[in-house]
There are 2 protein chains.
Amino acid sequence: MSVLAETLRKHSSLSEKRIAKVAAAYKPFPTKHNQLLVRKGDVAKYLYFVEKGYLRVFVTDASGNQFTRFLIEEGMEGTAFPSFISQKISSASVQCVGKAEVLRISYDELQKLYQAVPEFERLYRKIIEMAYVSSIHRIETLISMNARERYLQLLKEKPKWFQQLPANVIAEYLGITKETLSRLKSTK
Amino acid sequence: MSVLAETLRKHSSLSEKRIAKVAAAYKPFPTKHNQLLVRKGDVAKYLYFVEKGYLRVFVTDASGNQFTRFLIEEGMEGTAFPSFISQKISSASVQCVGKAEVLRISYDELQKLYQAVPEFERLYRKIIEMAYVSSIHRIETLISMNARERYLQLLKEKPKWFQQLPANVIAEYLGITKETLSRLKSTK
DNA sequence: CTTAGCTGTTGATAAATGTCAACAAAATCA
DNA sequence: TGATTTTGTTGACATTTATCAACAGCTAAG
């Protein structure tokens, strides 16, 4: 049983038949190590569901520094969202963190799925709501906490990330340099 | 004609009749100078639409410092969103900035409105999507720019705010102190 | 009008975080 | 496996931003 089907079951009251229909619309997409799924300047044509591993959504500044906007973990879906919903070019890139297994559905397929499975639209709304709430949480963290507080909060909320993700990705997500993160770890 | 009706017309293809129906569901709510609409610890029972002025959504830390999570300007709606959608107690407060004119709709009324005007649910989804996109933009700004860059960006994107809002509210929104903002202004 | 509070500015200083460089350890790939 | 690249750590130092304090101007209330 795919992680996707389980996730659908958990977050909706769709019938098994409809779960199967939705799940079938997402196609496995084979990826390589650190593969870029959306490149800055592209239009994000697909929504990605993570079966295993992590995706990172990041932006770069003029000096080439990278900043991780979001980390998408197993059982979550995402893409360069502002580009995806507007179907305009993306300012962000999406990349596998190491090895990842993903499914994907195109923007057009997703629209068709709304027609074919009306309840799915409400589920999609819920997914967006959850994503929005988590982004609000992120904003609060960023405006109200210093680096150490953010680090400790993430350690508490997402302990797995520290085992499974390279430190520089975590640092980018926290909005600090990898050197600062390294020092926070050691002075615990 | 209310700002609300205009906004509905602009962002949806609802008929005039349905616009009237939706607009009628939002009730004027008289406010006083700096009135608190949602208090930390309350459940956010209402969604607020701003006809005039600004609302601020803010959190406080242990030392009593305030941090402005969002500013809701004329023609926008908002509330302590995580609390509103879950109907659980809010970690944030919502307050008028000075004098403001607002309309509001209760959580229950909103659910009824979905039933009565099905197209409204899609509109609501779009509103959430837009809010989500703008929160993503905020996150990027916060993780990738320093205080001066954030200040200059906001000055460019929201020049009105600097005329209409007190500097300490802007500073809280930028995630800096009012002293730092004052210095950024003078060293332009 | 006058007093008390709020708002914004400036200075001195401290604290937090970034930058750059060197190096060690680990992972990847040919 | 061995070579090469990536990742993580540490130190010295620079920069950014916060904190604390003083004060001036404005505003609102009695």
Side-chain angles (χ1 to χ4, degrees), chain A residues 31-36 53-54 56 58-68 71 95-100 141-155 161-188, chain B residues 31-36 53-54 56 58-68 71 95-100 141-155 161-188:
Chain A
T31 63
K32 298 204 171 117
H33 199 261
N34 290 340
Q35 182 171 339
L36 273 171
Y54 293 87
R56 57 188 280 262
F58 67 98
V59 292
T60 48
D61 69 11
S63 324
N65 301 311
Q66 298 193 345
F67 303 92
T68 294
L71 287 168
Q95 185 181 33
C96 300
V97 181
K99 289 209 169 304
T141 299
L142 288 167
I143 59 174
S144 70
M145 295 180 175
N146 64 24
R148 143 152 285 120
E149 291 166 331
R150 297 204 296 277
Y151 162 68
L152 291 173
Q153 175 179 275
L154 192 64
L155 196 57
W161 288 14
F162 289 83
Q163 298 154 17
Q164 301 178 337
L165 289 165
N168 59 348
V169 172
I170 304 261
E172 280 171 23
Y173 181 84
L174 286 169
I176 59 180
T177 60
K178 62 186 198 307
E179 292 93 337
T180 297
L181 176 57
S182 175
R183 283 185 251 266
L184 289 174
K185 280 184 190 171
S186 65
T187 65
K188 190 52 173 291
Chain B
T31 63
K32 298 202 171 117
H33 200 262
N34 290 339
Q35 183 170 339
L36 274 170
Y54 293 87
R56 56 189 281 262
F58 67 98
V59 291
T60 48
D61 69 9
S63 323
N65 300 312
Q66 298 193 344
F67 303 92
T68 294
L71 287 168
Q95 186 181 32
C96 300
V97 180
K99 288 211 167 304
T141 299
L142 289 168
I143 59 175
S144 69
M145 295 181 176
N146 66 22
R148 143 153 285 123
E149 292 166 332
R150 297 205 297 278
Y151 162 69
L152 291 173
Q153 176 180 275
L154 191 65
L155 197 56
W161 288 14
F162 289 84
Q163 297 153 18
Q164 299 178 339
L165 290 164
N168 60 346
V169 171
I170 303 262
E172 280 171 24
Y173 181 84
L174 287 169
I176 59 180
T177 61
K178 62 186 198 309
E179 291 94 336
T180 297
L181 177 56
S182 174
R183 284 184 251 264
L184 289 174
K185 280 183 191 171
S186 64
T187 66
K188 191 51 170 293

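Naming: A, B, ... by sequence-line order, numbering from 1 per chain.
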Original post:
Can you pull the contact range of chain A along DNA chain D, 5' to 3', using atoms under 4.0 angstrom from its heavy atoms?
Top reply: D/dT7 to D/dA12
**OP:** Name all residues meeting the side-chain hydrogen bond (donor to acceptor under 3.5 Å, both in side chains) criterion together with A/Gln66; count only those two or more places apart in sequence or in a different chain, and write none if there are none.
**Re:** A/Arg56
Original post:
Per the end-axis method with five pairs at each terminus, what is the bend angle of the helix from C/dC1-D/dG30 to C/dA30-D/dT1, to 10°?
Top reply: 50°
Subject >> Trace of the side-chain contact (heavy atoms from CB on, under 4.5 Å) decision for A/Thr187 with A/Arg148 >> reply: CA-CA 10 Å; A/Thr187 65; A/Arg148 143 152 285 120; 3.1 Å; yes
**OP:** Could you run through nucleotides 13-30 of chain C and give me one letter per nucleotide, 5' to 3': B if any protein heavy atom sits under 4.0 Å from the base, S if only the sugar-phosphate is that close, - if neither?
**Re:** ----SSBB-------S--
Original post:
So, for B/Ile143 and A/Phe67, which heavy atoms are closest and what is the spacing to 0.1 Å?
Top reply: O-CD2, 3.2 Å
**OP:** Please name all residues satisfying ring-ring contact (aromatic ring centres under 6.0 Å, His included) with A/Tyr173, sequence neighbours left out, ordered by chain then number.
**Re:** A/Trp161
Original post:
Is there a side-chain contact (heavy atoms from CB on, under 4.5 Å) between B/Ile170 and B/Tyr151 once you walk through the steps?
Top reply: CA-CA 9 Å; B/Ile170 303 262; B/Tyr151 162 69; 5.9 Å; no
Original post:
Which heavy atom in B/Gly175 sits nearest to a heavy atom in B/Arg150, and how many Å separate them?
Top reply: O-NH2, 3.8 Å
**OP:** State the CD-CZ distance between B/Glu172 and B/Phe58, to the nearest 0.5 angstrom.
**Re:** 8.0 Å
**OP:** Apply side-chain hydrogen bond (donor to acceptor under 3.5 Å, both in side chains) to B/Thr180 and list each qualifying residue two or more places apart in sequence or on a separate chain.
**Re:** B/Thr177
Subject >> B/Leu184 and B/Ile176: CA distance, side-chain angles, deciding distance, side-chain contact (heavy atoms from CB on, under 4.5 Å) verdict >> reply: CA-CA 11 Å; B/Leu184 289 174; B/Ile176 59 180; 3.9 Å; yes
Subject >> Nearest heavy-atom neighbours spanning B/Leu142 and B/Leu174 >> reply: CD2-O, 4.1 Å
